[in-house]
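Residue numbers run from 1 in the order of the sequence given. Computed from a prediction, not measured in an experiment: that's the story for all the values here.
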Amino acid sequence: MKKLWISIVVGLLVFPMIFQSPAQAGTPISIIIDGVPLSTDQPPVMVSGRTMVPLRAIFEAFNANIKWNQKTQTVTATKDDTTVILKIGSKIATINDNSVSLDVPGLNLKGRTMVPTRFVSEAMGREVGWNPKTKVVTITTSAPNVGNAGPATSVAAQDVSDFGDGRDLQVSFTRAADESLVDHYRILIVKAGYTLNLSSAQTIASSNYSAVLATGSNPTIKLTATSRTVDGDSIKSNQAYIAYVLTVGKGNNASTLSSGSSPITLVNNTAELLSNIKVNDISDYGDGRDLFVSFNKLSDETKVSSYRIFVIKAANYSTFNLAKANAVASSDSTQVSKTGSNISQILSSGAKDVDGALVKTGVSYRVFVMAIDSSNAANNVLSSASSAITLSNVGITGLSVSDVSDYNDGRDLRVSFTHATDETYISQYRILVVPASYSSSFSLPDANNTSSAYYTTVSTTGSTTNQVLNSSARDVRGNLIKNGTSYKVYVLSIGSGSYLGANVLSSASSDIMLLNVSSLSAVSNLSVSDVDDYGDGRDLRVSFTHATDETYISQYRIMVVPASYSSSFSLSDANNVSSTYYTTVSTTGSTTNQVLTSSTRDVRGALIKDGINYKVYVLSIGNGNYSGSNVLSGESPVITLSGKTPVISVTNVTYSVNDGKILISFNKSSIETNISEYRVLVVPSKQAFGSTDALGVQASFYKSIAPNGTNPSIVTATRDVNGALITKGKKYKVYILAVANSSGVQNGGLSDSTEEFEL
C-alpha cells in the first residue's frame with residue numbers, strides 16, 4: 001500500500017501541461033489498456049497537464065463496480081479491496097477512506113463526467129505511461145500470470161423475447177472450476193463463422209462484451225438492447241450467433257476462453273411497431289361516428305389475427321401500455337380485421353373510450369392501435385399514441401375586428417367572421433367583447449354565463465357576418481364600449497337540438513383599441529442599432545412603432561442626419577429632403593425594423609459610413625384630408641457605426657432530470673458585455689436546429705436568463721421550441737442561445753446541444 005501511495009503522489013505531480021481540447025490538439029489522445037485501445041464516446045482531453053477520460057469508460061475497463069450519486073455529483077468505484085471516491089469539482093479524493101489531493105478535479109464536459117486517467121488507473125493498481133510525442137497513455141498490469149482458474153463450460157444461448165435486439169438473447173454457463181482465481185467473466189457474442197481465440201478475445205473493447213461478476217453460482221444472463229457483437233454490430237433478428245465466455249483471472253492469474261455455444265438465430269415474431277396512426281374529425285354527430293382512424297398495419301401479419309383501436313382520454317394516455325391494453329374489455333375498444341394494406345376506420349355511434357364512456361364532442365382524446373396475436377397475448381404489438389384530437393361540431397373561423405367610426409361607443413367596432421360549415425345544430429351566435437386585461441382568464445363557462453344584456457346576438461343567416469355594434473353595446477363586465485380601452489372579441493356558437501348546451505367558444509380576436517382620428521401622429525419608440533460591419537448603410541437598423549391610426553398616412557420616411565447638423569434639423573428641412581436622401585417605409589404592420597442599404601445617404605447627400613455620429617428621424621406623410629400635414633418624430637439617440645465584438649456561445653451545456661423537471665447548467669459566455677440574454681431552448685431530438693431557427697423561437701417557448709457573470713443552473717421552460725408541452729416518452733436536446741444586445745452583432749451565438757434525453 002505504501003508503494004501504491006508513492007505512485008499516486010508521483011502521478012499527480014507530473015505532466016504540467018496547459019488545457020488542450022481534442023479540437024485544439026494536432027494529434028488526438030489515445031489510451032491503451034494492456035494492449036487494447038479504450039473506446040469512449042467523448043474523446044480524452046488534456047486539462048492542466050492531466051489526461052481526463054469519461055469516468056464510466058475507464059472504471060468499466062478495470063471491471064470496477066460503479067455507483068454514481070447525481071445529487072452530490074460523486075462517483076464511488078470498488079474493485080476487490082480498493083474503494084475510490086471522487087467528487088466532481090473537488091480536488092480531494094479518497095482511496096480506502098484516505099484523502100488524496102488532485103491537481104485537476106473531475107469535471108463535466110458536453111454531458112460527460114471526466115476524471116483524471118492517471119489517478120484512477122494507479123488507484124486501481126495499474127501502471128501508467130505517457131508518450132508526449134504520440135499522445136498515447138499506456139496502462140498495464142505489472143506482474144506476470146501465476147495461476148489458471150480454468151474455463152467456463154456448458155455455454156448455452158437461448159432466444160427468450162421478441163424485441164429484435166440483444167434483449168432476445170439469454171446466455172448461461174457453468175462457472176470456472178476455481179472461482180477464487182476469477183476476477184470476472186466476459187460474455188462474447190460472435191456471428192456464426194467468426195473465428196475467436198484467447199488472444200483475440202482479450203483485445204475486445206469493453207463496449208462489445210457483457211461483464212459478469214464471479215458470484216459462486218452458475219450465471220444466467222439476459223443481454224440488453226445495447227449489447228453488441230465482438231465486432232461492434234448490434235444484435236438483431238435473422239442472424240446466427242455463437243456465445244463464448246472469457247474467464248478473466250484475478251490479479252496475476254491467467255485468463256481462459258470457453259468453447260462456443262451451439263449457433264442460435266434470433267426470430268422476432270412481432271416484426272415492427274404499428275406506424276402512422278392518424279385521427280381526424282370528419283362529421284358532426286357528436287359521437288364516435290365523428291372520429292376517423294387510419295394506420296399502417298404490420299408488414300408481417302403471420303401471427304396477427306386482427307387489430308384493436310383504443311380511444312383514451314388525452315389526460316390519461318401517458319400511462320397506457322401493453323398490459324393495460326390487453327386488459328381493456330372488448331366492448332371498450334373497436335376491433336378491425338386485417339384486410340387490406342393499410343387500414344382506415346370510422347368508429348360507430350356506440351364507440352367507447354377505454355374507461356367505458358361514449359366518445360363525444362368536447363373531450364380531448366388520443367388513439368392507440370394494437371395488433372392481436374391470437375395464440376399468445378404477450379406477443380401483441382401496441383402502437384405509440386396518435387396526436388390529440390377534440391371532436392367539435394360547431395365553431396366559427398376567420399374572426400377579425402376593425403375600428404370604423406368616431407362615435408366613441410360600440411358603433412366604432414365592426415366584428416367579422418365566417419360561420420360554421422354545418423349550422424344544422426346551431427341556433428345563434430353571440431358576439432362577446434372582453435376587456436383585454438380580463439381576457440386571459442375568459443373561458444367557455446364565463447361565456448355561457450354572460451348576461452344577455454352584455455353580448456350581441458347574430459343569426460345563422462348567410463355564410464359570413466360583418467356586424468357593426470350599436471351605441472349601447474357593452475363588454476362582458478357590463479361596461480359600455482368606448483374609445484381608449486383595449487378589447488378582445490370572442491364568438492360563442494350556441495348548440496341546439498341534440499347539441500343543446502354543447503356550445504363552442506372561438507379563439508380570441510387580435511387586440512383592438514377604438515380611437516378618434518382627429519389628426520396625424522408621429523411614430524414612437526424610435527431606436528437605432530449597429531448590426532453589421534459593412535462600413536455603409538447596411539450596418540444601421542432603424543426600429544419604430546407606427547402611428548396608432550394610419551388611416552390618413554401614406555408612408556414613412558427614415559432620415560439619417562449627421563449629429564453635428566441635427567440641432568437645427570426641422571420639419572421644414574425634412575419636407576425638403578431629396579427623395580434620394582431618405583428611405584421610404586410602407587404602413588404595413590404595426591412596427592418597422594428596417595436595415596438600410598449600402599447606397600443609403602444622409603440628408604446632406606453623403607454616403608453613410610463608420611466613424612460618423614448620426615441621429616435618425618422618421619417623417620409621417622399625410623394623405624387625403626391630411627395631405628401636406630406631415631409629422632416629424634423626435635430624434636433617436638446618437639449612433640456611431642463601428643466594428644463590433646462577436647457573440648461567443650456558452651459551453652459545457654449539461655442536463656439532469658429530477659421529478660419531471662429538466663435542470664440545465666452551462667458555462668457562461670467568456671464575453672457578456674454584448675449579450676442581452678441567454679435563451680434555454682428545448683428541441684425534439686430528431687428536429688434539425690440551427691442559429692436561424694433559434695432566433696425565430698417565440699418568447700413563450702423558451703426560458704430567458706439574464707447574463708450576470710455566473711454560471712447558471714436553471715429549470716427549463718415547460719414547452720419545446722414548437723410550443724408543445726414537454727412530455728414523458730419523448731426525446732429532447734437542449735441548446736443555449738446567447739442573444740446580442742444593441743452593441744453586438746446581428747445574430748446570436750448557439751451552443752452545442754446536450755445529449756439526447758427524455759423525462
Side-chain angles (χ1 to χ4, degrees), residues 523 525-546 555-567 569 573-574 577-619 621 632-650 669-679 689-697 707 735-751:
V523 303
N525 301 321
L526 176 60
S527 63
V528 289
S529 56
D530 185 357
V531 295
D532 233 311
D533 288 316
Y534 291 104
D536 55 38
R538 290 174 291 177
D539 295 356
L540 181 56
R541 180 191 297 276
V542 179
S543 303
F544 58 87
T545 302
H546 292 195
Q555 63 179 232
Y556 300 103
R557 296 175 183 174
I558 297 173
M559 299 185 173
V560 183
V561 181
S564 59
Y565 171 61
S566 64
S567 62
F569 190 71
D573 296 322
V577 171
S578 168
S579 61
T580 57
Y581 300 159
Y582 60 74
T583 299
T584 300
V585 177
S586 74
T587 57
T588 302
S590 60
T591 61
T592 284
N593 287 282
Q594 178 77 40
V595 177
L596 306 188
T597 67
S598 60
S599 60
T600 302
R601 298 175 180 270
D602 66 24
V603 296
R604 308 297 292 274
L607 286 167
I608 294 173
K609 59 183 179 180
D610 291 352
I612 304 295
N613 294 334
Y614 297 105
K615 292 187 177 182
V616 173
Y617 297 78
V618 177
L619 185 65
I621 306 299
L632 186 64
S633 72
E635 65 187 21
S636 74
V638 174
I639 187 168
T640 304
L641 303 177
S642 63
K644 295 167 290 298
T645 303
V647 167
I648 298 176
S649 302
V650 308
S669 174
S670 58
I671 300 176
E672 289 190 320
T673 55
N674 61 346
I675 293 175
S676 63
E677 64 175 332
Y678 298 114
R679 296 177 183 175
F689 197 75
S691 293
T692 302
D693 304 306
L695 287 166
V697 175
Y735 297 78
I736 308 296
L737 178 69
V739 181
N741 59 26
S742 60
S743 63
V745 295
Q746 180 178 356
N747 292 326
L750 187 64
S751 72

Do Phe569 and Val577 have side-chain heavy atoms sitting under 4.5 Å apart? yes

Working for side chain to side chain donor-acceptor pair (under 3.5 Å), residues Gln594 and Tyr556: CA-CA 12 Å; Gln594 178 77 40; Tyr556 300 103; over 6 Å; no

d(Asn613 CG, Ser566 OG) to nearest 0.5 Å is 9.5 Å

Here the gap from Ile558 atom CD1 to Thr583 atom OG1, rounded to the nearest 0.5 Å, amounts to 5.5 Å

Between Ala740 and Ser676, the two heavy atoms sitting closest are O-OG, 3.5 Å

For Val616 and Leu526, the nearest pair of non-hydrogen atoms, with its separation, is O-CD2, 3.3 Å

task: May I ask you to establish whether Arg604 and Tyr565 are in a cation-pi arrangement, using a distance under 6.0 Å from NZ or CZ to the six-membered ring centre and at most 45° from the ring axis?
output: yes

Okay, side chain of Ser649, backbone of Leu750: is any donor-acceptor separation there less than 3.5 Å?
yes

d(Ile612 CD1, Asp610 CG) to nearest 0.5 Å is 9.5 Å

*Carefully, step by step, assess Tyr678 and Leu737 under the rule side chain to side chain contact (heavy atoms under 4.5 Å, CB included).*
CA-CA 6 Å; Tyr678 298 114; Leu737 178 69; over 6 Å; no

Rounded to the nearest 0.5 Å, the CZ atom of Arg601 sits from the OH atom of Tyr581 at a distance of 6.5 Å

Check: So, Asp539 side chain and Tyr534 main chain: donor-acceptor pair closer than 3.5 Å or not?
Finding: yes

In this structure, OG1 of Thr600 is separated from CG of Leu540 (nearest 0.5 Å) by 8.0 Å

Practice task
Output, in order, the C-alpha distance, side-chain angles, deciding distance and verdict of side chain to side chain contact (heavy atoms under 4.5 Å, CB included) for Val618 and Arg557.
Solution key: CA-CA 5 Å; Val618 177; Arg557 296 175 183 174; over 6 Å; no

| task | Given side chain to side chain contact (heavy atoms under 4.5 Å, CB included), test Ile675 with Glu677 step by step and report yes or no. | result | CA-CA 6 Å; Ile675 293 175; Glu677 64 175 332; 5.7 Å; no

Do the non-hydrogen side-chain atoms of Arg541 and Asn593 ever get within less than 4.5 Å of each other? yes

Without swapping roles, check the side chain of Ser669 against the backbone of Ile648 for a donor-acceptor pair under 3.5 Å.
yes

In terms of heavy-atom contacts, Arg679 and Leu695 come closest through NH1-O, 4.1 Å

| said: Can you confirm whether Val650 sits close enough to Tyr735 that some side-chain heavy atom of one is under 4.5 Å from a side-chain heavy atom of the other? | reply: no

One should read off an interatomic distance between Leu632 CG and Met559 CE, to the nearest 0.5 angstrom, of 7.5 Å

Scanning both residues in full, the closest heavy-atom pair of Asp532 with Asp530 reads O-OD1, 3.2 Å

- Is Asp536 salt-bridged to Arg538, going by a charged N under 4.0 Å from an acidic O? yes

Looking only at heavy atoms, the pair that brings Ala574 and Leu619 closest together is O-CD2, 4.0 Å

Margin query: Before you tell me yes or no, could you show the steps for Tyr614 and Ile608 under side chain to side chain contact (heavy atoms under 4.5 Å, CB included), namely the whole-Å CA-CA distance, both residues' side-chain angles and the distance that decides it to 0.1 Å?
Written below: CA-CA 9 Å; Tyr614 297 105; Ile608 294 173; 3.9 Å; yes

Inset, instruction - Go through His546 and Thr587 one step at a time and tell me if the side chain to side chain donor-acceptor pair (under 3.5 Å) criterion holds. - result: CA-CA 7 Å; His546 292 195; Thr587 57; over 6 Å; no

Asp693 and Gly690 have their tightest heavy-atom pair at OD2-N, 2.8 Å

Practice item. Evaluate the side-chain proximity of Ser586 to Thr592: yes if any heavy-atom separation is below 4.5 Å, no if none is. Key: no

